[in-house]
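From a predicted model like this one, the values you see are computed outputs, not experimental measurements.
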Amino acid sequence: QVSLVESGGGSVQTGGSLRLSCAATGLSSTYKYCFAWFRQAPGQEREGIAGIDSNGKTTYTDSVKGRFTLSQDSAENELYLQMDSLKPEDSAMYYCAARAALVYCNGELVANRYNDWGQGTQVTVSS
């Protein structure tokens with residue numbers, strides 16, 4: 001049973017930074033696991049913001065490019081999201097997501113492609 005636990009959320013002012021972490025446990029050695037970050041603001045759909053493929057190439061949604069950086073510590077099964085130059089529109093609940101793959105992860109940012117989700121960590125950016 002895969003468990004994902006996010007941490008690092010909080011309240012910052014515009015222009016501030018936060019670093020989110022996602023600790024993954026219960027991973028099977030049979031599969032490769034694909035990870036991504038999503039966020040959801042009240043009344044809005046869940047949005048994929050950053051993913052990573054099997055070659056370590058990262059994918060970002062346009063609204064966070066140049067400001068957010070996804071990184072992964074495979075040895076520790078940890079996923080990180082460094083968020084800089086935060087804006088009020090970045091305020092949302094942030095979720096770590098994972099799915100098992102036999103061969104390859106392509107870093108896709110489609111929510112229904114991921115089977116496992118954390119409980120989320122809240123990010124609030126004030127103006």
Side-chain angles (χ1 to χ4, degrees):
Q1 183 74 21
V2 176
S3 175
L4 304 172
V5 179
E6 303 96 335
S7 61
S11 297
V12 297
Q13 292 188 328
T14 297
S17 297
L18 285 171
R19 186 182 191 230
L20 305 185
S21 299
C22 172
T25 59
L27 304 181
S28 169
S29 59
T30 301
Y31 301 103
K32 175 182 292 295
Y33 285 84
C34 310
F35 294 93
W37 285 99
F38 289 77
R39 67 185 179 188
Q40 188 168 20
Q44 297 187 19
E45 292 187 357
R46 191 163 294 190
E47 174 191 24
I49 56 172
I52 186 166
D53 72 12
S54 295
N55 297 318
K57 179 182 177 182
T58 49
T59 302
Y60 301 96
T61 194
D62 286 346
S63 62
V64 308
K65 282 180 182 177
R67 301 187 299 121
F68 290 13
T69 304
L70 183 155
S71 60
Q72 183 176 13
D73 183 339
S74 299
E76 298 295 332
N77 291 327
E78 294 260 356
L79 191 73
Y80 306 100
L81 187 67
Q82 177 67 39
M83 305 188 297
D84 299 315
S85 302
L86 283 162
K87 306 175 181 180
E89 51 264 43
D90 294 318
S91 297
M93 186 72 78
Y94 282 69
Y95 298 92
C96 176
R99 68 174 180 89
L102 287 175
V103 178
Y104 183 73
C105 297
N106 60 9
E108 58 196 336
L109 300 179
V110 179
N112 64 16
R113 293 285 290 153
Y114 293 86
N115 307 113
D116 299 294
W117 295 84
Q119 82 289 349
T121 186
Q122 179 68 41
V123 172
T124 302
V125 185
S126 58
S127 57

Inset, instruction - Look at Asp90 together with Lys87 and state whether they make a salt bridge at an N to O cut-off of under 4.0 Å. - result: no
Inset, instruction - Provide the closest heavy-atom pair for Ala101 versus Cys34 in the form atom of the first, atom of the second, distance. - result: CB-SG, 3.7 Å
Legend entry - Closest heavy-atom pair and its distance - Ile49, Leu109: C-CD1, 4.0 Å
Inset, instruction - Could you tell me whether the side chain of Trp117 reaches within less than 4.5 Å of the side chain of Val2, counting heavy atoms only? - result: no
Legend entry - Heavy-atom donor-acceptor pair, Thr124 side chain to Ser91 backbone, under 3.5 Å: no
Inset, instruction - Compare all side-chain heavy atoms of Ser17 with those of Val12 and state whether any distance is below 4.5 angstrom. - result: no
Inset, instruction - Give the minimum heavy-atom separation between Gln119 and Val5, together with the two atoms involved. - result: OE1-CA, 3.8 Å
Legend entry - Tyr31 and Tyr33 aromatic ring geometry - parallel, tilted or perpendicular at 30°/60° bounds: perpendicular
Inset, instruction - Specify whether Tyr114 and Phe38 have parallel, tilted or perpendicular ring planes, treating 30° as the upper limit for parallel and 60° as the lower limit for perpendicular. - result: perpendicular
Legend entry - Under 3.5 Å: donor-acceptor pair, side chain of Asn55, backbone of Lys57: no
Inset, instruction - Taking all heavy atoms of Lys65 and all of Tyr60, pick out the closest pair and write down the distance. - result: CE-O, 3.1 Å
Legend entry - Polar side-chain atom of Ser21 near backbone of Tyr80 as donor-acceptor pair, under 3.5 Å: no
Inset, instruction - Determine yes or no for a side-chain-to-main-chain donor-acceptor pair under 3.5 angstrom, with Gln82 supplying the side chain and Thr69 the backbone. - result: no
Inset, instruction - Search all heavy atoms of Met93 against all heavy atoms of Gly120 and return the closest pair with its distance. - result: SD-C, 3.7 Å
Legend entry - Residue pair Leu20 / Met83: nearest heavy atoms and the distance that separates them: CG-CE, 3.8 Å
Inset, instruction - Could you check if a side-chain atom of Leu79 sits within less than 4.5 angstrom of a side-chain atom of Leu70, using non-hydrogen atoms only? - result: yes
Inset, instruction - May I ask you to decide if Cys105's main-chain N or O and Ser54's side chain share a donor-acceptor pair within less than 3.5 Å? - result: yes
